[in-house]
S.K.: 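Structure incoming, see below.
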2 protein chains.
Amino acid sequence: MNLRDLRYLLAVVEHEHFGRAAKACGVSQPTLSVQIRKLEDLIGVTLFERSSKTAAPTEACLRLIGHARAAVSAAEAIIATARNLRDPLSGRFRLGIIPTLAPYLLPLVFAPLRQALPQLDLEPWEDQTSALLERLRAHELDAVLLATDEDGPDLVSLPLFAEPFLAALPPDHPLAGRPEILETDLARDILVLADGHCLRDQTVEACGGDAALSGPLRAASLPTLLNMVAAGYGTTLIPGLAAGAAQDAGIVLRPLSTRAGRTVRIAWRAHYPRRAAVEAVGEVIAARLKGFAQGAAGGMV
Amino acid sequence: MNLRDLRYLLAVVEHEHFGRAAKACGVSQPTLSVQIRKLEDLIGVTLFERSSKTAAPTEACLRLIGHARAAVSAAEAIIATARNLRDPLSGRFRLGIIPTLAPYLLPLVFAPLRQALPQLDLEPWEDQTSALLERLRAHELDAVLLATDEDGPDLVSLPLFAEPFLAALPPDHPLAGRPEILETDLARDILVLADGHCLRDQTVEACGGDAALSGPLRAASLPTLLNMVAAGYGTTLIPGLAAGAAQDAGIVLRPLSTRAGRTVRIAWRAHYPRRAAVEAVGEVIAARLKGFAQGAAGGMV
DNA sequence: GCAGGTTCATAGGCATAGCCTATCACGGCC
DNA sequence: GGCCGTGATAGGCTATGCCTATGAACCTGC
């Protein structure tokens with residue numbers, strides 16, 4: 001059976017006349033006659049009582065056309081729905097973001113994204129890098145924002161902006177008077193995040209290995225870590241976008257003499273079909289953060 | 001768009017794998033790939049994210065498959081419904097019957113019809129010949145039972161049984177003593193039905209023209225006419241099947257010396273597709289009435 | 001009663017859509 | 001690097017759907 005046949009059927013039911021129905025369908029009358037006959041043979045039911053005057057739908061035909069109408073309109077609904085879905089810059093877009101980035105980046109980019117991509121229904125999802133990559137590979141996310149470097153050949157990514165690290169010190173810390181800090185000087189009393197946070201590993205690496213990181217404290221989140229630093233438990237490195245929050249907590253920030261930092265990327269599956277959406281989102285974020293790397297040293301965005 | 005394509009689409013959604021979906025559809029994998037690709041081109045939406053591992057439905061695809069399922073199941077409903085409608089001996093059957101026949105014939109044939117054609121949903125419709133033919137031609141009836149001879153080339157008919165006329169007399173009528181009656185002897189005080197009843201015209205004709213039919217009374221129905229005869233207003237001819245009712249009314253019945261009568265036929269449109277149903281109904285009625293012409297002279301069925 | 005205009009059905013020819021097999025291209029995995 | 005898996009592509013065949021032309025049945029009007 002064919003949707004075309006059902007359209008023919010409905011046309012003949014409507015016109016009760018093969019010739020006029022054929023004209024309405026844009027085909028010749030013989031075409032319609034043959035196709036209707038085939039349909040009758042297929043379903044084993046005579047659909048029309050033909051005479052030299054007219055083609056009257058049989059009782060059986062009238063019982064069937066409800067279903068025929070349903071099939072045809074469902075097909076039309078597919079076309080109509082597809083038309084709305086056609087724009088890759090519209091629809092749901094599930095974006096994974098790491099926890100050390102989300103609370104500081106989202107407030108900056110939410111409004112610009114809404115303005116630049118009004119049809120895109122952005123759904124942020126916050127989790128650590130490995131969990132995000134798992135969800136991305138499972139098609140549960142459309143793209144992720146990461147601060148790490150590699151994720152495998154099945155994914156591709158685009159760098160968005162560079163984010164410098166800053167030394168975060170309690171106000172009364174011995175190093176607080178210096179204009180810049182050397183990371184290795186922090187190692188003595190540095191505090192880090194819990195396992196799984198990429199920022200933890202980057203902090204450890206910047207400070208020259210994990211030898212000194214023996215403290216019992218592993219902050220579950222960056223805000224907690226900032227509070228601990230403010231309370232004088234130790235020092236840490238923070239990503240530049242968190243500078244505002246750190247200063248609000250009463251923490252002294254100093255640039256690193258090495259200018260160490262991390263690069264934030266947007267990553268997605270290599271086969272993901274809405275690449276245009278990913279790139280548009282990335283572009284808006286990159287534009288909003290343009291020049292951030294320079295300005296961030298002063299603690300501003 | 002084609003229902004086949006939608007079936008392919010649903011199969012790939014279900015299996016998330018072109019090869020297995022192809023096997024499920026009974027076609028080759030390239031066939032499926034090409035058709036899905038065409039569908040994507042047609043609706044302008046990427047339906048699957050292909051990789052070397054699997055074919056994952058896109059968000060847009062998942063929004064569309066509801067409609068696709070609706071279309072496919074509507075098509076299947078057509079097939080299923082058609083299967084039930086396929087038997088011409090099932091379904092509604094609207095049978096028109098003339099008023100001088102309906103009340104006497106229906107009680108005889110209703111049970112046999114129910115038994116012989118249990119799937120046939122018989123709907124009797126009582127009206128005079130011309131109205132019945134009009135409804136029949138308008139496809140509002142499937143067949144009609146008539147006692148006249150001709151109805152035009154667009155209709156065909158089949159004789160079912162012969163029904164003799166009987167002379168109906170008040171018990172105290174001068175002719176009541178005779179064993180048989182000559183129709184022309186009835187003409188003096190004969191009563192007839194209202195215009196439109198075929199029995200009226202047949203009575204007039206049997207009694208030798210309308211010369212004597214000057215009475216003001218034109219009974220609207222046969223039971224009324226019987227009551228008038230029983231009350232001594234005059235005589236009449238009745239169809240054999242009404243013998244029982246006439247005797248119950250206290251009327252004397254006598255055979256006609258000419259053995260005049262009428263033939264009851266079933267008629268239907270020449271193009272009517274359920275000829276088998278018409279013939280089956282006719283056959284049951286004819287079988288029930290077999291031998292009636294002989295027995296009817298004695299007032300029995 | 002027969003010509004002319006309906007109706008739908010049929011026949012023959014043509015284009016193409018759909019299918020198959022064979023093969024390619026890519027990626028993952030020993 | 002070879003091997004298996006995935007889906008995509010190419011070429012050839014067939015069936016199907018379409019057209020025009022024609023036929024058969026029927027009505028209508030002269």
Side-chain angles (χ1 to χ4, degrees), chain A residues 1-9 11-42 46-58 61 133 137 139 150-156 268-273, chain B residues 1-9 11-42 46-58 61 137 139 151-156 269-273 275:
Chain A
M1 186 177 327
N2 197 314
L3 278 170
R4 188 193 331 105
D5 299 339
L6 298 184
R7 284 184 231 273
Y8 291 168
L9 166 64
V12 179
V13 167
E14 188 187 345
H15 292 93
E16 302 204 348
H17 189 290
F18 278 73
R20 283 192 286 278
K23 188 164 290 179
C25 292
V27 297
S28 72
Q29 168 265 316
T31 296
L32 216 106
S33 284
V34 168
Q35 292 310 115
I36 294 285
R37 169 74 68 194
K38 279 191 194 174
L39 185 60
E40 287 180 326
D41 291 346
L42 174 70
T46 301
L47 294 169
F48 296 97
E49 185 175 330
R50 288 106 162 141
S51 75
S52 58
K53 273 207 164 352
T54 184
T58 60
C61 176
L133 290 175
R137 289 195 165 94
H139 295 76
E150 301 230 342
D151 8 64
D154 56 331
L155 302 181
V156 287
W268 65 95
R269 297 184 299 279
H271 296 284
Y272 183 66
Chain B
M1 188 179 321
N2 196 313
L3 278 170
R4 189 193 330 105
D5 300 339
L6 298 184
R7 283 184 233 273
Y8 292 167
L9 166 64
V12 179
V13 168
E14 187 187 346
H15 292 94
E16 303 205 346
H17 188 288
F18 278 73
R20 283 192 287 277
K23 187 164 290 180
C25 292
V27 297
S28 71
Q29 169 264 317
T31 297
L32 217 106
S33 284
V34 168
Q35 292 309 114
I36 294 286
R37 171 73 69 195
K38 278 192 194 171
L39 186 60
E40 287 180 327
D41 291 347
L42 174 70
T46 302
L47 294 169
F48 296 97
E49 184 175 331
R50 288 105 163 143
S51 75
S52 58
K53 272 204 162 356
T54 184
T58 60
C61 177
R137 289 194 165 97
H139 295 76
D151 7 64
D154 57 332
L155 302 181
V156 288
R269 297 184 297 279
H271 296 284
Y272 182 66
R275 187 186 175 114

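Basis for what follows: all heavy atoms, side chains included, without hydrogens, waters or symmetry-related copies. Just so we're on the same page: letters track the sequence lines, and every chain starts at 1.
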S.K.: Find which nucleotide of DNA chain D each of B/Pro153 and B/Ser52 is nearest to by heavy atoms, and output the residue with the more 5' nucleotide.
M.R.: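 On the 5' side of the pair lies B/Ser52.
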S.K.: When the distance from CD1 of A/Ile36 to P of D/dG17 is rounded to whole Å, what number comes out?
M.R.: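 The distance from CD1 of A/Ile36 to P of D/dG17 comes to 12 Å, rounded to the nearest Å.
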S.K.: Looking only at side-chain N and O atoms, does B/Ser33 come under 4.0 Å of OP1 or OP2 in D/dA8?
M.R.: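 Answer yes for this pair, as a side-chain N or O of B/Ser33 is under 4.0 Å from OP1 or OP2.
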S.K.: What is the minimum heavy-atom distance between A/His15 and A/Ala24, and which atoms define it?
M.R.: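 Taking A/His15 first and A/Ala24 second, the nearest heavy atoms are CE1-CB, 3.5 Å.
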S.K.: Nearest to the A/Phe18 side chain among C/dA9, D/dT9, D/dT6, which nucleotide is it?
M.R.: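 So the side chain of A/Phe18 is nearest to C/dA9.
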S.K.: Start at the 5' end of DNA chain D and walk down; is the nucleotide closest to B/Gly19 or to A/Tyr8 reached first?
M.R.: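 Between the two, 5'-proximity favours B/Gly19.
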S.K.: Given atom CG of A/Leu32 and atom P of D/dC18, what is their separation to the nearest angstrom?
M.R.: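 Atom-to-atom, A/Leu32 to D/dC18, this comes out as 9 Å.
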S.K.: Could you check how far CZ of B/Arg269 sits from C1' of D/dC26, rounded to whole Å?
M.R.: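 After rounding, the reported distance stands at 17 Å.
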S.K.: Roughly how many Å is it from CE in A/Met1 to C1' in D/dT16, rounded to a whole number?
M.R.: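 For the pair A/Met1 CE and D/dT16 C1', the rounded distance is 17 Å.
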S.K.: Whether A/Arg4 contacts D/dC18 is assessed here as follows: a side-chain N or O lying under 4.0 Å from the phosphate OP1 or OP2. Is that the case?
M.R.: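 Answer is yes, contact under 4.0 Å.
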S.K.: Between atom NE2 in B/His271 and atom C1' in C/dT7, what is the gap in whole Å?
M.R.: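 Taking atom C1' of C/dT7 as the reference, NE2 of B/His271 is at 9 Å.
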S.K.: Tell me which nucleotide among C/dC8, C/dC19, C/dT7 gets nearest to the side chain of A/Arg20.
M.R.: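 Nearest listed nucleotide: C/dT7.
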S.K.: Respond yes when some side-chain nitrogen or oxygen of A/Gln29 is under 4.0 Å from OP1 or OP2 of C/dT7, and no when none is.
M.R.: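 No, because none of the side-chain N or O atoms of A/Gln29 sits under 4.0 Å from OP1 or OP2 of C/dT7.
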S.K.: Does OP1 or OP2 of C/dA9 have a side-chain N or O of A/Arg37 closer than 4.0 Å?
M.R.: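 For C/dA9, OP1 or OP2 has a side-chain N or O of A/Arg37 closer than 4.0 Å.
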S.K.: Has the side chain of B/His271 got a donor or acceptor atom that lies under 3.5 Å from a matching backbone atom of A/Arg50?
M.R.: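 Yes: the side chain of B/His271 pairs with the backbone of A/Arg50.
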S.K.: Below 4.0 angstrom from OP1 or OP2 of D/dT16, is there any side-chain N or O of A/Lys38?
M.R.: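 Looking at the OP1 and OP2 atoms of D/dT16, neither is under 4.0 Å from any side-chain N or O of A/Lys38.
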S.K.: How long is the line joining CG of A/Asp41 and P of D/dT16, in whole Å?
M.R.: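 Distance check: A/Asp41 CG to D/dT16 P gives 13 Å.
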S.K.: What nucleic acid atoms does B/Phe48 come within less than 4.0 Å of, heavy atoms only: base, sugar-phosphate, or nothing?
M.R.: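 Result for B/Phe48 = nothing.
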S.K.: Would A/Arg137 and A/Asp154 pass as an ion pair if we require N to O under 4.0 Å?
M.R.: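 Yes, this pair counts.
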S.K.: Could you walk me through whether B/Glu40 and B/Arg37 pass the side chain to side chain contact (heavy atoms under 4.5 Å, CB included) check?
M.R.: CA-CA 5 Å; B/Glu40 287 180 327; B/Arg37 171 73 69 195; 3.6 Å; yes
S.K.: Can you measure B/Glu49 atom CD to D/dT6 atom P for me and round it to whole angstrom units?
M.R.: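 Taking CD of B/Glu49 and P of D/dT6, I get 18 Å after rounding.
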S.K.: By the 4.0 Å heavy-atom rule, please label B/Gly152 as base, sugar-phosphate, or nothing.
M.R.: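 It contacts nothing in the nucleic acid.
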S.K.: What are the two closest heavy atoms between B/Leu32 and B/Ala22, and how far apart are they?
M.R.: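 In this case the closest contact between B/Leu32 and B/Ala22 is CD1-CA, 3.7 Å.
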S.K.: So, is A/Ser28 close to the D/dC19 phosphate, meaning a side-chain N or O under 4.0 Å from OP1 or OP2?
M.R.: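 Yes, A/Ser28 has a side-chain N/O under 4.0 Å of OP1/OP2 on D/dC19.
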S.K.: Within the 3.5 Å criterion, strictly below it, is a donor on A/Gln29 or A/Ser33 matched to an acceptor on the partner's side chain?
M.R.: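 Yes, a side-chain donor-acceptor pair sits under 3.5 Å.
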S.K.: What nucleotide among C/dC29, D/dT9, D/dC18 has an atom nearest to a side-chain atom of A/Gln35?
M.R.: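 Within the option list, the nearest is D/dC18.
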S.K.: Between B/Asp5 (CG) and C/dA17 (C1'), how many Å, whole number?
M.R.: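 Spelled out: CG on B/Asp5 to C1' on C/dA17 is 11 Å.
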S.K.: May I ask you to verify if any side-chain N or O of A/Arg50 is less than 4.0 angstrom from the OP1 or OP2 atom of C/dA9?
M.R.: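 For C/dA9, OP1 or OP2 has a side-chain N or O of A/Arg50 closer than 4.0 Å.
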S.K.: Pick the nucleotide of DNA chain C nearest each of A/Pro30 and B/Asn2; which residue has the one closer to the 5' end?
M.R.: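 It is A/Pro30 whose nearest nucleotide is closer to the 5' end.
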